**Student:** 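Let me begin by handing over the structure; questions about it come next.
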Amino acid sequence: MSKTLAEKVLAQHLVEGKMETGEQIGLKIDHTLTQDSTGTLAYLEFEAMGVPHVKTKLSLSFVDHNMLQNDFRNADDHRYLQDVAAKYGVVFSRPGNGICHQIHLERFARPGYTLLGSDSHTPTAGGVGMIAIGAGGLDVAAAMAGEPFYLQMPSIMGVKLTGALSPFVSAKDVILEVLKKLTVKGGVNKILEYFGSGVKTLSVPERGTIANMGTETGATTSIFPSDKVTKAFLSSQGREDQWIELKADNGVKYSEVVNVNLGEVEPLIALPHSPDNVKTVREVEGTPVDQVCIGSCTNSSLRDLKTVAALLKGKKISDRVSLTISPGSRQVLENLAASGDLVDIIRAGARILENACGPCIGVGQAPQTDAVSIRTFNRNFKGRSGTQSAQVYLASPETAVASAIYGEITDPRKLGEYPEVTLPKLIVDDTMFIFPEKPFTGEIRRGPNIKPLPNFPPIPHRLTGEVLLKLGDNVSTDDILPGGSEVMSLRSNIPEISKHVFRYVDSSFADRALKKGGGFIVGGENYGQGSSREHAALAPKYLGVKAVIAKSFARIHLANLVNFGIVPLAFVDKQDYAGVAQGDTLELEVKGLRRNLCVKNVTKGSEIQVELDLSDREKSMLKAGGKLAAVKAKRMKE
Ligand code: MIC
Ligand code: SF4
C-alpha cells in the first residue's frame with residue numbers, strides 16, 4: 001500500500017500500537033532537545049528516574065530562553081543544566097550559542113529520524129524531513145530514559161504547494177496563509193505533510209519557518225520531503241553524509257488536502273491577539289508602528305537576516321521605531337559579521353540583541369503602553385510581550401523591515417527592487433557546544449532556588465470542590481502561567497512559581513485555590529494551546545486543581561495534565577458549558593476512570609455528562625498520581 005512520508009518515518013520508529021488514526025502508538029525517539037526554561041524540570045525528572053546515562057542517539061540541552069541573569073537564580077539554573085548534561089551524556093549548547101530549533105536544524109537535524117523536544121516549536125526540524133514533536137519535559141525525560149513516546153496516531157493532512165513565491169513574499173506568508181485556512185485549532189491531531197511542485201522552490205530555512213509555525217495550527221508536527229535542496233543544505237553545514245532521499249509514494253491519499261499556490265500568496269500579517277487573525281498587509285497599511293522585532297525560532301536564519309540586511313542597506317529606520325534584531329544562532333551572527341551584512345543592519349539604526357528567544361517570550365524589550373509592535377515571531381497572545389496593552393502583529397522579515405523604515409505598517413513591495421540574496425560558503429564552528437566526552441566526577445551544583453519536585457498521592461475515587469475559574473475558548477499556556485524573566489526564573493521552584501498561576505487573568509486565583517483546598521477549572525475549546533511548559537499543569541496541581549472540564553484540549557497540554565495527575569474531562573454536549581458557573585460546587589466519581597463520567601453540579605442540582613478520552617496506559621498513570629510515579633515504579637521492577 002502506498003504511504004505518506006510521515007507514515008514511512010513513523011513506521012520505522014513504531015514500537016507499540018497500530019498506525020490507525022486515533023489509536024495510541026509508541027515511538028522510538030532518536031534525538032531529544034530541551035531548553036533552559038523547560039529543561040531544569042525535565043532533568044530533575046530524569047534524575048528522579050534513576051537512569052545513569054541517556055539512552056537516545058543524541059540528547060541536547062540548550063540555554064536560550066531566560067538569559068537575563070538578574071540575580072543568582074537564573075545563573076544557578078544554567079550551571080545546573082551544564083552539570084547535569086555532563087553527568088548524563090547530554091550535549092550542552094552554551095548560553096550565547098543561539099535558539100534551540102535554529103541550532104538543531106543547522107547542526108543536528110537528520111532526515112528520517114525522530115526528535116522529541118520540550119518546546120512546542122520542535123517541529124521546525126520537519127524542514128529536513130524529521131518527525132519532530134513538542135512535548136512536556138516529563139515525556140522528554142522518559143524518552144531520554146529510553147521509554148517510547150506515546151501519542152494518538154494523527155491523521156495525515158496534505159498541504160499541496162504549487163507555483164513559486166513572488167518577490168517580497170516569503171515563507172512566513174505561506175504559513176500565515178495556512179493558518180488563515182486552518183485556524184489555531186485546525187491542525188489538532190494532524191500531521192501537516194507538504195508536497196507538490198512548489199516544495200523544491202523553498203530552501204530548508206524557509207521550510208523550517210513553515211514547519212515551525214505549523215505548531216500554531218495545533219498540529220502534532222509538520223514534515224517536508226528530503227530532496228536535493230535538503231542535500232545542499234546539509235552539505236553547506238558539512239553534513240552531506242547524513243542526507244537520504246525521502247518522499248511520499250506516488251498517488252498516496254491524504255486524509256484531506258489544503259492547496260496553496262505560492263504564486264498567489266501576498267504579504268500577510270496576523271493581527272492582535274491570535275496567530276490566526278490573518279489579514280493582507282494591504283488591509284492594515286498605514287497603522288503607526290512603535291516597535292519592530294526581528295528574530296525568534298521562526299525567522300532568524302542566515303537567509304532571513306541577510307534579506308533584512310539587504311533591505312536595510314543604505315536606509316534609516318523611522319525615528320518613532322525601535323528595531324531589534326535577535327540572530328537565531330551564533331553561526332548566523334558570525335556569518336553576518338564576516339560578510340559585512342551586520343554593518344548594514346547597525347547603520348540603519350537596529351539594536352542587536354543576544355542570539356536567543358528574547359522579546360518573543362517577554363525577556364526584555366516589552367513595548368510601550370498601547371504600542372504597536374510588529375514581530376517576525378510566531379505568537380502574539382495578549383500580554384506575552386510583557387505589556388498587557390500592546391498590540392502585537394506577526395509578519396515576515398520583509399514586512400517588518402518595510403514597517404520599520406516607514407514607521408507604519410507597510411507592504412514590503414513598496415521597497416522597490418527585491419535584492420538577490422545568495423548564501424556564502426558558511427563558517428561552521430561548534431566551539432559553543434560541550435560534548436560530554438570525559439566521565440563526570442564532580443557533584444551537580446544546585447542553587448538554593450532549585451527545589452525538589454513535589455510528590456503527589458494517587459488521585460482519590462471522588463473529586464469534590466468549587467469551580468475556581470471559568471474561562472472561554474483558546475486559553476493559552478501563557479494565560480495559565482506567564483513567561484517573562486521574572487516568572488521564568490522560578491521554573492525550578494514549583495511552590496514559588498505556583499503563585500503566578502492565572503496571574504493576569506485573575507490575580508486572586510492562586511490564593512483562592514489554596515484557601516479552598518483546590519477545585520475545578522472550566523474552559524472552552526482548545527484549552528491549553530501554545531507552549532509545552534508543563535509548569536502550566538504542575539503549578540495548578542500544586543495549588544490543588546483536581547480536574548479541568550473543557551470543550552476540547554490542545555494536545556501537549558492534555559498530555560501534561562495527565563502526566564501530573566489532573567483529570568482532563570471534555571463536555572459530551574458542549575451546550576452544558578453554559579450550565580456551570582464560577583463558584584458552583586461540583587462532585588465527581590472517578591473510580592475506575594471510565595470513559596463516560598457524570599459530574600454533579602451540587603449548586604445547580606444538575607448533572608453534566610463528560611468524557612475521559614484516555615488510553616489504558618494514561619489511565620493507570622493518572623491513577624498512580626502521574627507519569628513520574630508510573631515510570632519510577634516500572635524502573636523498580638526492572
Ligand atoms: C514558548 O514559545 O512559549 C516557549 C517559551 O518556547 C515554550 C516553552 C516554555 O514555556 O518554556 C514552548 O513553546 O513550548
Ligand atoms: Fe523561543 Fe519564541 Fe521560539 Fe518559543 S517561540 S522557542 S520563546 S523563539
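No experiment lies behind these values; they were computed from the predicted model shown.
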**Student:** Determine whether a donor-acceptor pair (N or O, by modelled atom type, separation under 3.5 Å) exists between the side chain of Asn560 and the backbone of Ser532.
**Tutor:** yes
**Student:** Would Glu47 and Arg446 satisfy salt bridge (Lys or Arg N to Asp or Glu O under 4.0 Å), going step by step from the backbone distance to the final call?
**Tutor:** CA-CA 13 Å; Glu47 286 187 280; Arg446 293 162 217 270; 2.8 Å; yes
**Student:** Go through Lys382 and Asp479 one step at a time and tell me if the salt bridge (Lys or Arg N to Asp or Glu O under 4.0 Å) criterion holds.
**Tutor:** CA-CA 8 Å; Lys382 192 165 186 295; Asp479 296 322; over 6 Å; no
**Student:** Looking at the rings of Phe381 and Tyr504, which for Trp means the six-membered one, are their centres under 6.0 Å apart?
**Tutor:**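 Between Phe381 and Tyr504, the centre distance exceeds or equals 6.0 Å.
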**Student:** Taking Arg512 for its side chain and Leu468 for its backbone only, find out whether a donor-acceptor pair lies under 3.5 Å.
**Tutor:** yes
**Student:** Are Asp139 and Lys627 close enough, and set up right, to give a salt bridge (Lys or Arg N to Asp or Glu O under 4.0 Å), and what steps lead you there?
**Tutor:** CA-CA 8 Å; Asp139 285 328; Lys627 180 162 180 156; 2.5 Å; yes
**Student:** So among His104, Arg110, Lys57, which one has a side chain to side chain donor-acceptor pair (under 3.5 Å) with His31?
**Tutor:** His104
**Student:** Working note: Arg73 + Leu490, criterion side-chain contact (heavy atoms from CB on, under 4.5 Å); need CA distance, chi angles, decisive distance, verdict.
**Tutor:** CA-CA 8 Å; Arg73 288 178 297 192; Leu490 303 173; 3.5 Å; yes
**Student:** Is the count of non-hydrogen atoms from other residues, nucleotides or ligands lying under 6.0 Å from Lys604 atom NZ greater than 12?
**Tutor:** yes
**Student:** To the nearest 0.5 Å, how far apart are CZ in Phe564 and CE in Met621?
**Tutor:**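 Between atom CZ of Phe564 and atom CE of Met621 there are 9.5 Å.
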**Student:** Is the side chain of His557 donor-acceptor paired with the backbone N or O of Phe553 at a distance under 3.5 Å, no angle test?
**Tutor:**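 Side chain of His557 to backbone of Phe553, a donor-acceptor pair under 3.5 Å: no, none is there.
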**Student:** Which of these passes side chain to side chain donor-acceptor pair (under 3.5 Å) with Glu589: Lys600, His461, Arg462?
**Tutor:**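 Only match with Glu589 under side chain to side chain donor-acceptor pair (under 3.5 Å): Arg462.
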**Student:** So does Gly519 get a backbone contact from the side chain of Glu466, meaning a donor-acceptor N/O pair under 3.5 Å?
**Tutor:**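 Here the side-chain-to-backbone pair does not exist.
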**Student:** Could you check whether atom NZ of Lys8 has more than 12 heavy atoms from other residues, nucleotides or ligands sitting under 6.0 Å from it?
**Tutor:** yes
**Student:** Counting only N and O atoms by type, is there a donor-acceptor contact under 3.5 Å from the side chain of Asp473 to the main-chain atoms of Glu525?
**Tutor:** yes
**Student:** Does the side chain of Ile99 come within less than 4.5 Å of Phe62's, by heavy atoms?
**Tutor:** no
**Student:** Report yes or no: does Asn449 contribute a side-chain atom to a donor-acceptor pair with the main-chain N or O of Ser489 at less than 3.5 Å?
**Tutor:**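 Here the side-chain-to-backbone pair exists.
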**Student:** Atom OG1 of Thr32 and atom CG of Leu58: how far apart are they, to the nearest 0.5 Å?
**Tutor:** 7.0 Å
**Student:** Going from CG on Asp76 to CZ on Arg79, what distance comes out if it is rounded to the nearest 0.5 angstrom?
**Tutor:** 5.0 Å
**Student:** Checking Arg503 against Glu486 for the salt bridge (Lys or Arg N to Asp or Glu O under 4.0 Å) test, could you report, in this order, the C-alpha distance in whole Å, the side-chain angles of both residues, the deciding distance, and whether it holds?
**Tutor:** CA-CA 13 Å; Arg503 168 169 158 182; Glu486 186 200 344; 3.4 Å; yes
